[in-house]
Amino acid sequence: MENVIKLHDKKFRIMIPAKEIDDAVTAVAQRINADYKDKETPLFVGVLNGSFMFMSDLIKKIEFNAELSFVKLASYEGTTSTGEVKSLIGLNGSIEGRHVIIVEDIVDTGESIEHMIADLEQRNPASITVCTLFFKPNSYRKSRPIQYRAMEIGNEFIVGYGLDYDQLGRGLKDIYVVTE
Ligand code: 5GP
Ligand code: MG
């Protein structure tokens, strides 16, 4: 893939090459392997669409028996004055008593993951942790701990490896950042 690419109206250049992403995924997988090896069949819950590539690589590095599922956060305008409401779709079976690991592409302000955790908590799992490919510490505004962060970045807008710019760029194997 070329070094500078164009998606819609913007140009992007490589910020994190595939090898570095792979090393970061390996490191976070090793931590999860150590923490969960004695827990009964943990459940990885990926948040679509952004987490599909991260989940695919992460799960290959997991050494215990685990289940895997994907959910989507549906956004729509609520009828009340509270404005935007997000609901979780795609989780069919019960997660009661299960050890859940949420797999996200990126945690920015923390708004999305907050909704996600609150929804899952109501279903009485044994535990919930979050594993995110990227974490933006300067924009995170919530107090919940984000246990597993493969990489931390500044406030720059990135695409690739599952992340999109208006639906483009998800298939890129490297991470790109806006260049102009
Ligand atoms: P939050 O709710 O934490 O503010 O934002 C989470 C969502 O914003 C992510 O799941 C992602 O869809 C989007 N997002 C935040 N930062 C970036 C970024 O740098 N690049 C892309 N492609 N999406 C981002
Ligand atoms: Mg996301």
Side-chain angles (χ1 to χ4, degrees), residues 1-18 20-25 28 32 43-59 68-78 82-91 100-122 128-180:
M1 186 62 70
E2 325 157 48
N3 279 352
V4 174
I5 57 163
K6 191 155 186 276
L7 304 175
H8 299 297
D9 57 327
K10 290 183 173 34
K11 286 183 178 165
F12 294 82
R13 62 177 164 76
I14 290 186
M15 180 172 121
I16 307 170
E20 253 177 68
I21 302 170
D22 188 57
D23 289 346
V25 176
V28 84
I32 295 174
L43 172 65
F44 288 85
V45 176
V47 185
L48 290 173
N49 294 323
S51 75
F52 80 96
M53 202 176 283
F54 178 38
M55 175 70 102
S56 166
D57 286 343
L58 179 70
I59 205 74
L68 183 157
S69 184
F70 284 99
V71 294
K72 217 174 159 97
L73 277 176
S75 311
Y76 54 92
E77 293 303 314
T82 52
E84 191 175 322
V85 181
K86 284 182 175 164
S87 70
L88 205 62
I89 50 174
L91 203 59
V100 174
I101 302 157
I102 302 172
V103 178
E104 258 287 21
D105 52 354
I106 186 163
V107 175
D108 185 13
T109 64
E111 206 61 55
S112 316
I113 201 71
E114 187 82 9
H115 279 283
M116 185 76 178
I117 295 170
D119 184 304
L120 292 178
E121 268 175 356
Q122 291 178 1
I128 301 177
T129 57
V130 176
C131 177
T132 186
L133 178 64
F134 288 102
F135 184 67
K136 290 184 170 176
N138 301 332
S139 48
Y140 191 60
R141 292 202 298 261
K142 303 290 177 182
S143 54
R144 288 184 195 270
I146 305 297
Q147 292 84 357
Y148 304 102
R149 312 159 180 189
M151 290 173 278
E152 295 197 356
I153 57 168
N155 286 343
E156 58 267 47
F157 184 80
I158 57 171
V159 297
Y161 199 79
L163 292 119
D164 72 305
Y165 170 46
D166 205 5
Q167 300 308 324
L168 294 184
R170 291 194 198 276
L172 298 164
K173 67 180 169 47
D174 309 290
I175 289 291
Y176 286 71
V177 65
V178 179
T179 181
E180 62 187 69

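Just follow the structure's listing: the first ligand is 1, and inside any ligand the first atom is 1. FYI, the numbering just counts along the sequence from 1.
Within ligand 1, counting atoms from 1 as listed, the ones closer than 4.0 Å to a heavy atom of Ser112 are 1 (P), 2 (O), 5 (O), 6 (C). The atoms of ligand 1 that sit less than 4.0 Å from any heavy atom of Glu156 are 19 (O). The ligand atoms of ligand 1 that sit less than 4.0 angstrom from a heavy atom of Thr109 are 1 (P), 2 (O), 3 (O), 4 (O).
Using a 4.0 Å cut-off between heavy atoms, Asp105 contacts ligand 1 through its side chain alone, with no backbone atom that close. By the criterion of a heavy-atom distance under 4.0 Å, the side chain of Lys136, and not its backbone, is placed next to ligand 1.
Residue Asp164 places at least one N or O, backbone or side chain, under 3.5 Å from an N or O of ligand 1. Close N/O approach between Gly110 and ligand 1 is found [any backbone or side-chain N/O within under 3.5 Å]. Looking at Val107 next to ligand 1, no N or O pair under 3.5 Å apart turns up.
What you find for Ile32 and Cys131 is that their closest heavy atoms are CD1-SG, 3.8 Å. When every heavy atom of Lys6 is checked against every heavy atom of His8, the shortest pair comes out as NZ-O, 3.3 Å. Annotation for Gln167 and Asp164: closest pair N-OD2, 2.7 Å, computed over non-hydrogen atoms. Residues Asn155 and Ser139 share a closest heavy-atom pair of OD1-OG, 3.5 Å.
Checking Asp105, Asp57, Asp174 one by one against Tyr161, the side chain to side chain donor-acceptor pair (under 3.5 Å) holds for a single residue, Asp57. Under the side-chain contact (heavy atoms from CB on, under 4.5 Å) test applied with Val47, the options Thr132, Ile102, Leu88, Ile106 reduce to a single match, Ile102.
For Tyr165 and Phe12, the gap between ring centers is short of 6.0 Å.
Put simply, no part of Tyr165 is less than 4.0 Å from ligand 1, judged by heavy atoms. Contact annotation: Ile113 has no heavy atom less than 4.0 Å from any atom of ligand 1.
Checking Leu163, Asp166, Ile106 against atom 13 (C) of ligand 1, the nearest heavy atom belongs to Ile106.
A salt bridge links Lys142 with Glu111: the distance from a Lys NZ or Arg NE/NH1/NH2 to an Asp or Glu carboxylate oxygen falls below 4.0 Å.
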